[in-house]
Novice: 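Questions regarding the structure given below will be posed in turn.
Heavy atoms only: backbone and side chains are in, while hydrogens, waters and symmetry mates are out.
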Protein chains: 2
Amino acid sequence: MTEALPEAPNVNRATCPSRIVLEHVTSRWGILVLAALLERSYRFSELRREIGGVSEKMLAQTLQTLERDGFLNRDAKPVIPPRVDYSLTPMGREAAEQVWGLAHWVERRLPAVEEARDAYDEARAS
Amino acid sequence: MTEALPEAPNVNRATCPSRIVLEHVTSRWGILVLAALLERSYRFSELRREIGGVSEKMLAQTLQTLERDGFLNRDAKPVIPPRVDYSLTPMGREAAEQVWGLAHWVERRLPAVEEARDAYDEARAS
DNA sequence: CTGAATCCCAAACGATACTG
DNA sequence: CAGTATCGTTTGGGATTCAG
């Protein structure tokens with residue numbers, strides 16, 4: 001990546017529609033949904049437990065947005081009690097891989113980040 | 001990436017500190033700052049113009065957060081008028097490359113996303 | 001169980017004015 | 001120029017309730 005940079009993405013202009021999609025994918029819960037579904041498909045409440053800390057409302061909203069953007073398949077089986085499975089579309093899998101790479105990178109670098117923070121904070125504890 | 005998945009990142013647990021860093025990096029303006037600085041270093045107002053649509057307040061806040069996390073160098077030259085240059089640290093460059101990959105992927109896929117949306121919307125315009 | 005709908009609050013954000 | 005401070009608005013998001 002250090003070599004190329006063919007052309008920079010246009011996300012750095014206020015009116016760019018890519019920003020919207022980027023925000024869907026990188027939203028607080030969007031990232032976590034995509035990362036979870038990379039492993040396997042999940043049912044609604046399963047996903048809710050797996051992610052942890054997400055309200056029903058936000059999970060539903062996130063899932064709808066990602067489904068509309070073409071990242072998720074929503075498979076509602078007409079049974080009682082209702083059962084709905086969510087899985088990644090091929091495009092969603094690509095997105096999830098990008099996001100997962102980022103998340104994993106962050107995790108690996110977490111110690112360095114905490115070190116940097118300590119240095120930063122101490123330098124101003126004058 | 002389809003093969004491995006050595007171990008999933010712990011970001012999918014509410015109390016995980018990685019989430020904080022992930023949200024700094026993927027925040028609305030964080031992404032754009034990192035992407036911009038991947039090309040070259042920028043001064044404050046330069047960056048503001050380049051990104052477009054960001055307020056002074058939010059840009060300053062974003063820059064401070066990313067600096068504290070160890071992603072940015074802030075180089076304030078003691079001249080009048082003031083001049084402050086922002087650039088990526090080595091770690092920041094890694095983060096920016098991840099983020100840039102994501103942004104670029106979104107841009108390439110934008111047509112497919114818009115197609116998916118149209119299909120989704122029409123399927124419910126019953 | 002899977003959601004939709006409502007209410008409500010806290011946090012994020014933008015605009016503006018001001019300072020070194 | 002590069003920020004900080006303040007204010008008012010908007011939005012994200014949780015809790016709760018209801019429906020299929």
Novice: Are A/Glu46 and A/Arg40 ion-paired here, with the side-chain N under 4.0 Å from a carboxylate O?
Specialist: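 Here A/Glu46 pairs with A/Arg40 in a salt bridge, since their nearest N and O are under 4.0 Å apart.
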
Novice: Could you check which residues of residues 74-86 of chain A get a heavy atom under 4.0 Å from DNA chain C? Sort them by number, please.
Specialist: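 When residues 74-86 of chain A is checked for heavy atoms under 4.0 Å from DNA chain C, the hits, listed by number, are A/Arg74, A/Pro81, A/Pro82, A/Val84, A/Tyr86.
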
Novice: Starting from C1' on C/dC1, measure out to CG on A/Leu47 and report it in whole angstrom.
Specialist: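 Rounded to the whole Å, the gap is 14 Å.
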
Novice: From CD1 of B/Ile51 over to P of C/dG14, roughly how many Å is that when rounded to an integer?
Specialist: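 So the two atoms are 11 Å apart, to the nearest Å.
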
Novice: Round to a whole Å and report the spacing from CG of B/Leu32 to P of C/dC13.
Specialist: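 Rounding to the nearest Å, CG of B/Leu32 and P of C/dC13 are 12 Å apart.
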
Novice: Any side-chain to backbone donor/acceptor pair from B/Ser87 onto B/Ser41? Under 3.5 Å, distance only.
Specialist: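 Side chain of B/Ser87 to backbone of B/Ser41: no pair is present.
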
Novice: C/dT6 P sits how many Å from A/Met58 CE, rounded?
Specialist: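 So the CE-P distance, A/Met58 to C/dT6, works out to 17 Å.
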
Novice: Whole-Å distance between C/dA12 C1' and B/Arg28 CZ?
Specialist: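 To the nearest whole Å, that distance equals 9 Å.
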
Novice: If the threshold is 4.0 Å, N to carboxylate O, is there a salt bridge linking A/Asp121 and B/Arg68?
Specialist: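 Salt bridge present between A/Asp121 and B/Arg68.
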
Novice: If only atom types and distance count, is the side chain of A/Thr65 paired as donor or acceptor with the main-chain N or O of A/His24 below 3.5 Å?
Specialist: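 Answer holds: no.
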
Novice: For chain B and DNA chain D, what are the first and last nucleotides along the strand, 5' to 3', with at least one atom under 4.0 angstrom from a heavy atom of the protein chain?
Specialist: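 So the outermost contacting nucleotides come out as D/dC1 to D/dC7.
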
Novice: For a quick check of understanding: with a heavy-atom distance under 4.0 Å over all strands, which category does A/Glu56 fall into, base, sugar-phosphate or nothing?
Specialist: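 Base contact.
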
Novice: I would like to know whether B/Leu37 and B/Phe71 meet side-chain contact (heavy atoms from CB on, under 4.5 Å); could you show each step before the answer?
Specialist: CA-CA 11 Å; B/Leu37 290 177; B/Phe71 297 133; over 6 Å; no

Novice: Let me know the distance between CD of B/Glu23 and C1' of C/dA12, rounded to the nearest Å.
Specialist: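 Rounding to the nearest Å, CD of B/Glu23 and C1' of C/dA12 are 13 Å apart.
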
Novice: Could you tell me how far apart A/Leu72 (CG) and C/dG3 (P) are, to the nearest whole angstrom?
Specialist: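 It is 12 Å, rounded to the nearest whole Å.
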
Novice: So what does B/Gln64 hit on the nucleic acid, given a heavy-atom distance under 4.0 Å: a base, only sugar-phosphate, or nothing?
Specialist: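 Touches sugar-phosphate only.
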
Novice: To the closest 0.5 Å, what do you measure between CG (A/Leu22) and CZ (B/Arg28)?
Specialist: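 Reported to 0.5 Å precision, the distance equals 11.5 Å.
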
Novice: Under the rule for salt bridge (charged side-chain N to carboxylate O under 4.0 Å, His left out), what residues qualify as partners of B/Arg74, not counting sequence neighbours?
Specialist: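 With sequence neighbours excluded, B/Arg74 shows a salt bridge (charged side-chain N to carboxylate O under 4.0 Å, His left out) to no residue whatsoever.
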
Novice: Between A/Val54 and A/Thr62, does a side-chain contact (heavy atoms from CB on, under 4.5 Å) hold up when you go through it step by step?
Specialist: CA-CA 10 Å; A/Val54 61; A/Thr62 302; 5.9 Å; no

Novice: Salt bridge or not between B/Asp85 and B/Lys77? Use side-chain N to carboxylate O under 4.0 Å.
Specialist: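 Judged by the 4.0 Å cut-off on N to carboxylate O distance, B/Asp85 and B/Lys77 do form a salt bridge.
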
Novice: For the side chain of A/Arg43, counting heavy atoms from C-beta on, which of C/dA4, C/dG14, C/dC1 is nearest?
Specialist: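 Nearest nucleotide to the side chain: C/dC1.
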
